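Quick caveat: nothing in here was measured; it's all calculated off a predicted structure. Note on naming: letters A, B, ... go to the chains in the order of the sequence lines (proteins, then strands), and numbering restarts at 1 for each one.
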Number of protein chains: 2
Amino acid sequence: MQSDQVIRALGALAQEHRLAAFRLLIQAGAEGIPAGVLAERIGVPPSSMSFHLAQLANAGLVSQRRESRSIIYAADYAAMGGLMAYLTENCCGGVPCDDPAACIPPSIMETAL
Amino acid sequence: MQSDQVIRALGALAQEHRLAAFRLLIQAGAEGIPAGVLAERIGVPPSSMSFHLAQLANAGLVSQRRESRSIIYAADYAAMGGLMAYLTENCCGGVPCDDPAACIPPSIMETAL
DNA sequence: CCAATAATTCAATAAAATTCGAAATATCGA
DNA sequence: TCGATATTTCGAATTTTATTGAATTATTGG
C-alpha cells in the first residue's frame, strides 16, 4: 500500500457520515448493506450517501455489487488491514514488527486500549 | 476515544505533509524532532509546517515541548493505539476481539499484510 | 538591552470537500 | 411497455482546508 492510497483511505474515513457507514459495514460483514438502507440509518439523503459511498469505494475500503435494484456495499477487510499495517510500520524506528502491542511501549499501550 | 476525536485524528493524518511528519515522529521516538527540522525535511515553509503541526496536536496525535528556542514535537503512541483500537472495534459483529488478525477473516488478512 | 534564531499567529487567497434537489439510469413486476 | 423502486450523476451554493508572506512572540548569547 502506498502513501497516496493511504491518504485517500484516511481521508475517506475522516468524515462523520462515512465513518458511520464504514463501521456499519464492518459490523455487517460479507453480507453487506444496500445504499438506501445506509442512507436511512445514517440520516442523509440518497444523493449525499451516494457521494460518500463513492469516496469509500474510490479509497478501496468498500466493494459494491448489484443485487436486483439494490446496490449492496460491503467493507473490504483487506484494505482495512493494509491501512493498519501501514500506520504501524516503522513504529519502532524502522525495525519492522508484526506485533504493534510489543512495538509501542506497553506501559503507554495499556492506557490506550 | 470518541468518534469526534477519531475523525479529527483521521483527518489530521489524511494529508500528505502531516502524514509524512507523523511518520518521521513515529520513527524518531520519544526524543522527538524540532518544528524547523520537520519543515526542512518535508520541504514546506515554517508557517505551513506550524499549521500542520497544530492540526496533529489538536487531534492529540503529537505532544510538544519547548527546549530552548526550539519546540520539539513527538508522536503520542497512546493516541495512535487508541485510534487503531477504535477502527478494529466491532470488527466482527459487535463482539469485542483483542486480536484483529483473528477477527478479520484470516484468508483475507494474508493478502493484506 | 540588542541582534539573531526559532516558531507561531494573522490575513488574504486559492483549492478541495460537502450538501442536496432535480434529472438521469437501471431493474423489476404486472 | 409502463409505473414504481433503488441509485447515481449533475450542477450550483456553501463550507472547510491548505498555503504562505509578513508581522508577532519567545529565547538565547554577547
Check your understanding: Quick one: salt bridge (Lys or Arg N to Asp or Glu O under 4.0 Å) pairs with a partner in residues 46-74 of chain B, sequence neighbours left out?
Key ->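 Passing the test, one end in residues 46-74 of chain B: Arg65(B)-Glu67(B).
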
Practice item. Enumerate the residue pairs fulfilling salt bridge (Lys or Arg N to Asp or Glu O under 4.0 Å) with a member in residues 4-14 of chain B, sequence neighbours excluded, ordered by first and then second residue. Key: none

Spacing between [X] atom [atom1] and [N] atom [atom2], to the nearest angstrom:
X	N	atom1	atom2	answer
Leu19(B)	dA18(D)	CG	P	13 Å
Asn58(A)	dT9(D)	CG	P	12 Å
Glu40(A)	dT5(D)	CD	P	14 Å
Ile71(A)	dC28(C)	CD1	C1'	14 Å
Leu38(B)	dA6(C)	CG	C1'	13 Å
Ile72(A)	dT5(D)	CD1	P	19 Å
Met49(A)	dT9(D)	CE	C1'	16 Å
Leu56(A)	dT8(D)	CG	P	12 Å

Do [X] and [Y] come close enough that some side-chain heavy atom pair is under 4.5 Å?
X	Y	value
Leu10(A)	Tyr86(A)	no
Leu38(A)	Leu25(A)	yes
Ile71(B)	Leu53(B)	no

Practice item. Ignoring backbone atoms, establish whether Tyr73(B) has a side-chain N or O less than 4.0 Å from OP1 or OP2 of dT8(C). Key: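 Tyr73(B) to dT8(C) OP1/OP2: side-chain N or O found under 4.0 Å.
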
Practice item. Look at Ser47(B) and dT20(D) and indicate whether a side-chain polar atom (N or O) is within less than 4.0 Å of OP1 or OP2. Key: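 Answer is no, no contact under 4.0 Å.
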
Mind listing the closest non-hydrogen atom pair of [X] and [Y] along with its distance?
X	Y	answer
Gln64(A)	Ala57(A)	OE1-CB, 3.8 Å
Phe22(B)	Leu61(B)	CE1-O, 3.5 Å
Arg41(A)	Leu24(A)	NH1-CD2, 4.0 Å
Ile26(A)	Tyr77(A)	O-OH, 2.6 Å
Met1(B)	Leu83(B)	SD-N, 3.5 Å

Check your understanding: Reading nucleotides 25-30 of chain D 5' to 3', which nucleotides get B (base under 4.0 Å from a protein heavy atom), which S (sugar-phosphate only), which -?
Key -> -SBB--

Revision key, fill the gap. Per-helix bend value, the helix from dC1(C)-dG30(D) to dA30(C)-dT1(D), C1' rotation axes over five pairs per end, 10° rounding, shows 30°

Nucleotides 16-19 of chain C: which of its N/O atoms have a protein N/O under 3.5 Å away?
from: dT18(C); atom 1: OP1; to: Arg18(A); atom 2: NH2; distance (Å): 3.0
from: dT18(C); atom 1: OP2; to: Arg18(A); atom 2: NH1; distance (Å): 3.0
from: dT18(C); atom 1: OP2; to: Arg18(A); atom 2: NH2; distance (Å): 3.2
from: dT19(C); atom 1: OP2; to: His52(A); atom 2: NE2; distance (Å): 2.5

Check your understanding: Does any pair with a residue in residues 26-53 of chain B pass ring-ring contact (aromatic ring centres under 6.0 Å, His included), and if so which ones, sequence neighbours excluded?
Key ->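 For residues 26-53 of chain B: His17(B)-His52(B).
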
Check your understanding: Touch check for Ser70(B), heavy atoms < 4.0 angstrom, all strands: base, sugar-phosphate only, or nothing?
Key ->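 The answer is sugar-phosphate, as Ser70(B) gets under 4.0 Å only of primed atoms, P, OP1 or OP2.
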
